[in-house]
**Q** 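Attaching a single structure in structure tokens format; questions to follow.
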Amino acid sequence: QVQLVESGGGLVQAGGSLRLSCTASGVSLNHYSVGWFRQAPGKEREAISCVSARDDNTDYRDSVKGRFTISRDKANNMVYLQMGRLMPEDTAVYFCTADPAYFSYCSLNYESMYEYWGQGIQVTVST
């Protein structure tokens, strides 16, 4: 049984940083594309970053480029999302997802590709 668990969320002031972690059981994230999504209150869920299964190529939503970094910790079967220069509009529930397709690219456009989802973790950025 595959389970993804997010951690590292919480409350931070605008301009601050947080690092989200995604751990997995029942699957090696090293062989999966991993994506981070978020859903703000009253808004649709959106993809913000991903890392491909093959070659670890990354992609970012324009609104987080230069502020967020996705990375893998292959030894510990984890994926991180380092978030910096946080803004109140980054407030959302953040989800870790995994896509078993072994490609050199990952997708921010096709949510349905991501087969496994964590339960989400709250990130709140105060002014």
Side-chain angles (χ1 to χ4, degrees):
Q1 185 176 355
V2 177
Q3 186 175 16
L4 303 181
V5 178
E6 303 92 345
S7 62
L11 174 65
V12 64
Q13 286 190 325
S17 301
L18 279 177
R19 187 179 76 166
L20 302 183
S21 300
C22 176
T23 61
S25 59
V27 66
S28 171
L29 287 180
N30 299 339
H31 303 296
Y32 283 61
S33 288
V34 176
W36 285 96
F37 286 67
R38 69 185 180 188
Q39 187 166 23
K43 295 187 177 181
E44 291 189 355
R45 189 161 59 190
E46 61 182 14
I48 54 172
S49 184
C50 63
V51 56
S52 67
R54 185 176 178 180
D55 300 329
D56 293 338
N57 292 312
T58 59
D59 200 3
Y60 298 91
R61 189 177 191 86
D62 285 347
S63 61
V64 306
K65 280 182 182 176
R67 301 190 298 122
F68 291 11
T69 303
I70 191 170
S71 62
R72 293 186 185 273
D73 179 349
K74 294 187 176 183
N76 292 304
N77 197 28
M78 297 177 68
V79 173
Y80 302 115
L81 183 69
Q82 179 69 47
M83 306 186 294
R85 289 186 282 143
L86 283 161
M87 301 183 289
E89 46 265 49
D90 294 316
T91 294
V93 177
Y94 284 70
F95 299 88
C96 173
T97 65
D99 167 16
Y102 193 70
F103 297 136
S104 295
Y105 63 88
C106 58
S107 175
L108 297 180
N109 298 318
Y110 298 102
E111 185 175 305
S112 60
M113 292 178 60
Y114 293 92
E115 185 170 336
Y116 304 111
W117 290 75
Q119 296 217 348
I121 191 163
Q122 179 69 44
V123 171
T124 302
V125 184
S126 64
T127 55

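Keep in mind that what you see is a predicted model, and the values were worked out from it rather than measured.
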**Q** Ignoring hydrogens, what is the shortest heavy-atom contact between Gly26 and Val2? Give both atom names and the distance.
**A** O-CG2, 3.8 Å

**Q** Taking the side chain as everything from C-beta on, heavy atoms only, tell me whether Ile48 gets closer than 4.5 Å to Leu81.
**A** yes

**Q** Do you know which two heavy atoms are closest between Cys50 and Ser107, and how far apart they sit?
**A** SG-N, 3.8 Å

**Q** Measure the spacing between OG of Ser49 and OH of Tyr60 and express it to the nearest 0.5 Å.
**A** 4.5 Å

**Q** Could you check whether any side-chain heavy atom of Glu111 comes within less than 4.5 Å of a side-chain heavy atom of Thr97, counting everything from C-beta outward?
**A** no

**Q** Rounded to the nearest 0.5 Å, what separates atom SG in Cys96 from atom CD in Gln119?
**A** 12.5 Å

**Q** Among Asn57, Asp56, Asp55, which residue satisfies the side-chain hydrogen bond (donor to acceptor under 3.5 Å, both in side chains) criterion with Ser104?
**A** Asp55

**Q** Once rounded to the nearest 0.5 Å, what's the spacing between atom OG of Ser33 and atom CE of Met113?
**A** 6.5 Å

**Q** Do the side chains of Leu18 and Phe95 join up, straight or via other hydrophobic residues, at under 4.5 Å, putting them in one cluster?
**A** no

**Q** Could you pull out the closest heavy-atom pair between Cys106 and Val51, with the gap in Å?
**A** SG-N, 3.5 Å

**Q** At what distance, to the nearest 0.5 angstrom, does CG of Leu29 lie from NZ of Lys74?
**A** 11.5 Å

**Q** Run through the side-chain heavy atoms of Ile, Leu, Val, Met, Phe, Trp and Tyr, join any pair under 4.5 Å, and report what else lands in Tyr80's cluster.
**A** Met78

**Q** Surrounding CZ of Arg45 (heavy atoms of other residues, nucleotides or ligands, distance under 6.0 Å), is the total greater than 12?
**A** yes

**Q** Does Arg67 have any salt bridge (Lys or Arg N to Asp or Glu O under 4.0 Å) partners at least two apart in sequence or in another chain, and if so, which?
**A** Asp90

**Q** Assert yes or no for the condition that the ring centre distance of Phe37 to Tyr114 is strictly below 6.0 Å.
**A** yes

**Q** Please report the interatomic distance CZ(Phe68) to CZ(Arg38), rounded to the nearest 0.5 Å.
**A** 5.5 Å

